[in-house]
Amino acid sequence: MLFRNSVFHLLLICCLALSFDGLSQYHTGQRVFSSKFPTETKDYQQDTYVKIENSSGDIIVAIENVRTGKTIQHAYILSNDAYEFKYIPVGRYVCKYMWTDPITGRRMFEKDNSYMEFKPDEYGGYVITLQETEYGNLDQSRIDEDDFFQ
């Protein structure tokens, strides 16, 4: 009887532990939608990057090639964390963002209106700081889910 109670308590503890959000949550840098996006594109000859500093609310960021309209890299970024997309190929790019509205619970999608340009034999990159403000701190446009997942 003691053994059965111990097993029951152990199973109960395991079930409770697995139900906590902290244990089932994504981590920064995780490619949560790799099945919806093309294979990642990187140019290891380019020492370039786009660094996203996220100040509040988990978000998914996708880097889109302006010429092709295709996403080259994407990542989940936790609140108060940062992620660096590396080896960005030559070209022009914009960032697309997806997050869940904390009030409505709806998925929100936006895309930057300005682009980042990477030239041949260039090094360095861009840093984008996402801060929650009343009127926004980036020039963006709403997009729909289909546009986000291109």
Side-chain angles (χ1 to χ4, degrees), residues 11-150:
L11 286 173
L12 181 63
I13 290 170
C14 288
C15 289
L16 288 174
L18 291 174
S19 69
F20 288 119
D21 286 340
L23 295 176
S24 62
Q25 194 173 42
Y26 297 120
H27 62 274
T28 293
Q30 187 171 350
R31 272 83 176 148
V32 295
F33 291 115
S34 55
S35 64
K36 291 189 174 194
F37 285 119
T39 304
E40 281 199 336
T41 303
K42 295 181 180 186
D43 181 352
Y44 294 101
Q45 303 301 310
Q46 290 284 105
D47 188 13
T48 50
Y49 64 87
V50 174
K51 182 177 183 180
I52 306 293
E53 296 174 340
N54 186 19
S55 67
S56 75
D58 296 1
I59 193 164
I60 296 171
V61 178
I63 308 294
E64 178 185 281
N65 183 309
V66 172
R67 185 179 58 77
T68 65
K70 300 294 180 195
T71 295
I72 65 159
Q73 296 181 36
H74 82 284
Y76 189 93
I77 305 172
L78 291 169
S79 183
N80 299 311
D81 207 350
Y83 182 76
E84 195 170 292
F85 296 93
K86 296 181 180 182
Y87 310 112
I88 307 297
V90 172
R92 290 182 175 176
Y93 299 90
V94 293
C95 287
K96 301 186 290 187
Y97 309 94
M98 181 182 111
W99 71 96
T100 302
D101 184 298
I103 296 169
T104 66
R106 291 183 31 217
R107 285 185 177 176
M108 306 297 292
F109 303 92
E110 290 193 356
K111 181 178 185 176
D112 286 343
N113 292 330
S114 57
Y115 64 84
M116 302 166 285
E117 186 167 358
F118 294 92
K119 298 175 183 167
D121 302 319
E122 186 173 55
Y123 64 90
Y126 295 84
V127 176
I128 298 172
T129 303
L130 303 176
Q131 289 183 309
E132 188 174 4
T133 62
E134 188 173 338
Y135 298 108
N137 63 331
L138 295 172
D139 185 21
Q140 300 171 322
S141 297
R142 289 226 180 230
I143 58 175
D144 63 24
E145 187 171 354
D146 291 337
D147 290 334
F148 183 79
F149 286 112
Q150 286 188 347

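Within a 6.0 Å radius of CG in Asn113, other residues, nucleotides and ligands contribute more than 12 heavy atoms. In the displayed structure, Gln45 atom CD is contacted under 6.0 Å by at most 12 heavy atoms of other residues, nucleotides or ligands.
Contact annotation: the side chain of Ile60 approaches that of Phe33 to within less than 4.5 Å [non-hydrogen atoms, C-beta and beyond]. Considering only heavy atoms from C-beta on, Val61 stays 4.5 Å or farther from Val50 through its side chain. At least one side-chain heavy atom of Glu110 sits under 4.5 Å from a side-chain heavy atom of Trp99. In this structure, Asp112 and Tyr97 have side chains that are in contact, with non-hydrogen atoms separated by less than 4.5 Å. Under the 4.5 Å side-chain criterion, counting only non-hydrogen atoms from C-beta, Ser114 is not in contact with Val94.
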- Kindly determine whether Tyr126 and Tyr115 satisfy ring-ring contact (aromatic ring centres under 6.0 Å, His included), including the steps that lead there. CA-CA 10 Å; Tyr126 295 84; Tyr115 64 84; 9.2 Å; no
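One distance of note links NZ of Lys70 with OG1 of Thr39; it measures 12.5 Å at 0.5 Å rounding. Here NZ of Lys86 is found 15.0 Å from CD of Gln46. Values are rounded to the nearest 0.5 Å. Atoms CD1 and CD1, from Ile59 and Ile52 in turn, are 8.5 Å apart once rounded to the nearest 0.5 Å. The OH atom of Tyr93 lies 4.5 Å from the CD1 atom of Ile72; values are rounded to the nearest 0.5 Å.
Applying the side-chain hydrogen bond (donor to acceptor under 3.5 Å, both in side chains) rule to pairs touching residues 47-60 yields Gln25-Asp58, Glu53-Thr129, Ser56-Glu132, Asp58-Tyr76, sequence neighbours excluded.
When all heavy atoms of Thr71 and His74 are compared, the closest pair comes out as CG2-CB, 4.4 Å. Residue Glu122 comes nearest to Glu117 through the heavy atom pair OE1-O, 3.7 Å, listed as atom of the first residue, atom of the second, then distance.
With sequence neighbours excluded, the residues satisfying side-chain hydrogen bond (donor to acceptor under 3.5 Å, both in side chains) with Gln30 are His27.
Under a 3.5 Å cut-off, the side chain of Ser141 and the backbone N or O of Lys111 do not form any donor-acceptor pair. Looking at Lys96, its side chain does come within 3.5 Å of a backbone N or O of Phe148 through a donor-acceptor pair. Side chain of Ser79 to main chain of Gly57: a donor-acceptor pair is present (N/O by atom type, distance under 3.5 Å, no hydrogens or angles).
Between Phe149 and Phe37, the angle of the ring planes lies from 30° to 60°, which puts this pair in the tilted group.
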